[in-house]
Amino acid sequence: MDNSPFRRIVLPALLASSAGFAALTWPMASDQAVQVSDRLPEPLSLWVDSALITHQHKEFSIRYIGFAIMSSVAIGIGTAEAMRSRQGRSQRHQSLLDEVLKAAGDRPLVDPSDIDYAVAKPEAAATPLAETERPTVTLDWSSLVQGTAQSNPQASTPAEAGILSTTLEDHALYHIQGANQQQCLALAVEGEYYRYYRNRPDVDKAQRLVQQLQLQGKKAIATVDDSGYIVWVRESEPPQQAVPWPELAIAH
Amino acid sequence: MNLKTLEHLWTAFVEGERDFTGINLAGADLNHWSLARVDFWGADFSRANLTQANFRRANLKQAQFSDAKLSGADLRWADLREAVLVGADLDSARLEGALYNARTQFPKGFNPGEAHMWNLEPGATLATKDLRERDLGGTDLTAADLSGALLVNSQLFGVVLKKANLLSALMGDSDLRYADLRQATLMLADLRGADLRGADLRGANLIGTNLRGCQLANTNLEGALYSDSTQFPRGFQVPKTLHHLAPGASLWGADLSGARLTGVDLSGANLAGANLMHADLWGACLANADLSGANLLGANLLGTDLSGANLNQTNLMQAIIDLPGERAAMVSFNGQTA
């Protein structure tokens with residue numbers, strides 16, 4: 001019902017038409033019209049006088065009512081046309097918006113201009129920023145992940161957080177087979193096997209992942225290489241099989 | 001779940017962040033959100049309203065969806081390995097091509113096969129599947145069929161693809177460091193720009209493989225097979241431990257067991273004493289080759305040209321051999337084997 005043509009086009013047209021008719025015929029019905037016409041300036045007062053139903057102006061008044069009817073109908077038609085054209089523009093705008101959203105399918109359904117940057121950065125709330133002065137929001141994801149990393153303040157340095165400064169080549173690599181019979185790459189550190197878990201692009205993300213795993217009760221470490229960090233998780237049970245990674249004898 | 005977390009998510013997303021590993025969105029209202037390709041590894045969506053949400057190609061590995069509303073959600077090609085979907089409402093959810101494994105926990109009565117999901121496990125059949133730009137590092141895909149699969153720009157660090165069929169697979173720019181590709185068939189595969197440092201390609205089939213621009217430092221290529229059509233990186237010195245398959249090649253005593261050698265031209269080659277057990281020589285040319293003392297136990301010799309070959313003391317037990325036309329017709333007619 002909210003979007004029906006009756007509500008959006010016909011009803012405003014009827015209201016505008018009625019209002020126009022009422023305004024035009026008010027002098028004929030009102031007792032105060034004579035007093036009002038006296039106070040009006042010259043052309044308007046004559047016009048109001050002519051509309052009054054008096055014996056002198058009877059013929060003219062009938063014609064005036066016809067004029068009022070025609071005018072109100074014209075107002076109604078004009079209003080309907082204006083509303084229809086406005087709705088057309090709105091529909092075109094909506095279809096364009098739909099196309100944009102379809103094209104940018106990997107974006108969330110939120111307009112960046114709707115984002116309250118003051119909320120994201122409370123210290124900026126006091127001074128509203130202009131459109132061009134929007135801050136680059138730096139977020140601390142540790143406050144959002146499950147079991148916050150910040151709750152473990154003692155693990156402040158990478159080494160304490162399980163980040164090893166050594167590379168993969170510094171450790172013995174194995175292929176281990178766990179209880180699920182599936183094989184995977186593993187690192188041997190101090191007599192324990194660490195199963196490959198995930199690559200991380202930088203130290204912050206590696207550290208956060210290691211801490212997150214530690215909070216889940218898993219012992220994790222990360223090694224560094226030229227493309228980032230590799231996170232490894234300790235095998236809780238000794239593997240059924242551990243085959244050393246082959247000698248890397250062939251290099252060019 | 002508070003509103004501030006959602007606001008942070010919005011803000012960071014708009015700023016271009018796509019890595020939300022481990023984020024806690026339990027109970028959040030994300031219906032109709034478009035979060036395609038976003039990394040939600042280990043995120044918590046328990047009891048969240050994700051109706052009609054778009055998670056296409058999103059990384060949802062180890063994510064929690066317990067009692068979440070996912071009706072009408074788009075989860076196509078999402079990674080749901082080890083995800084917990086117990087109690088989740090998956091009514092009308094689209095899951096075609098979504099990845100799962102034995103540790104993915106589905107709602108009671110849900111059949112991932114009927115939803116056209118792809119199971120990533122050893123021996124999986126994933127031929128011609130689109131697995132590009134995925135994080136499949138460390139996955140065990142031993143003996144999987146990935147022929148013709150699209151694995152461009154994928155994270156395949158430490159992946160186990162031993163004896164996998166990667167015939168004509170597209171793997172350009174993939175991270176294959178420390179991958180186990182022993183005896184894998186990489187015939188005609190395109191690996192341009194791939195990082196193969198530390199990978200184990202012992203006995204791999206590299207016939208017609210494009211390795212241009214690949215990083216091969218510390219790559220173990222011992223016993224790998226290659227041909228004149230194999231394209232190595234510019235300036236790469238092919239180690240002598242590789243087997244060059246070509247007419248007249250010397251492959252005396254080579255271990256080619258289980259190798260896919262379909263259509264290979266080895267005419268006049270010296271294969272004396274070679275191990276070709278269970279090798280696939282369909283349509284190969286072994287004319288005038290020396291196969292004396294070679295082991296072809298269970299080998300596929302359908303359509304193989306053996307004219308003039310030396311088969312002295314060759315083990316052909318259980319080998320699959322097609323018979324001449326009139327003989328085959330006779331066998332068929334009599335219903336007997338030759």
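Since the model is a prediction, treat every value here as computed from it, not as a measurement. The sequence lines fix the lettering, A, B, ..., with proteins before strands; numbering per chain opens at 1.
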### Message
Is B:Asp195 in contact with chain A via its backbone, its side chain, both, or neither, using a 4.5 Å heavy-atom distance?
### Response
neither
### Query
Is the NZ or CZ atom of B:Arg212 positioned over B:Phe232's six-membered ring, under 6.0 angstrom from the centre and within 45° of the axis?
no
### Any donor-acceptor pair under 3.5 Å from B:Asn205 side chain to B:Gln183 backbone
no
### Task
Against chain B, work out which of A:Arg195, A:His175, A:Gln181 has the most heavy-atom pairs shorter than 4.5 Å and name it.
A:His175
### Task
Mark yes or no for whether A:Asn199, through its side chain, and A:Pro201, through its backbone, hold a donor-acceptor pair below 3.5 Å.
no
### Message
Ring centroids only, cut at 6.0 angstrom: are B:Trp41 and A:Tyr197 within range, meaning strictly under it?
### Response
yes
## Note on the structure
From the list B:Thr142, B:Val159, B:Asp39, the residue making the most non-hydrogen contacts under 4.5 Å with chain A is B:Asp39
### Task
Name the region of B:Lys61, side chain, backbone, both or neither, that has any atom closer than 4.5 Å to a heavy atom of chain A.
neither
### Query
Given that the side chain runs from C-beta out, which part of B:Ala179 has a heavy atom under 4.5 Å from chain A: side chain, backbone, both or neither?
backbone
### Query
B:Arg197 versus chain A, heavy atoms under 4.5 Å apart: side chain, backbone, both or neither?
side chain
### Query
Which of the residues B:Ala58, B:Gly158, B:Gly137 is involved in the greatest number of heavy-atom pairs with chain A at under 4.5 angstrom?
B:Gly137
#### Entry: Residue pair A:Arg7 / A:Pro12: nearest heavy atoms and the distance that separates them
O-CD, 3.4 Å
### Task
Measure from the side-chain N and O atoms of B:Ser174 to the backbone N and O of B:Ser154, and report whether any donor-acceptor pair falls under 3.5 Å.
yes
### Query
For B:Arg57, is it the side chain, the backbone, both, or neither that has a heavy atom closer than 4.5 Å to a heavy atom of chain A?
neither
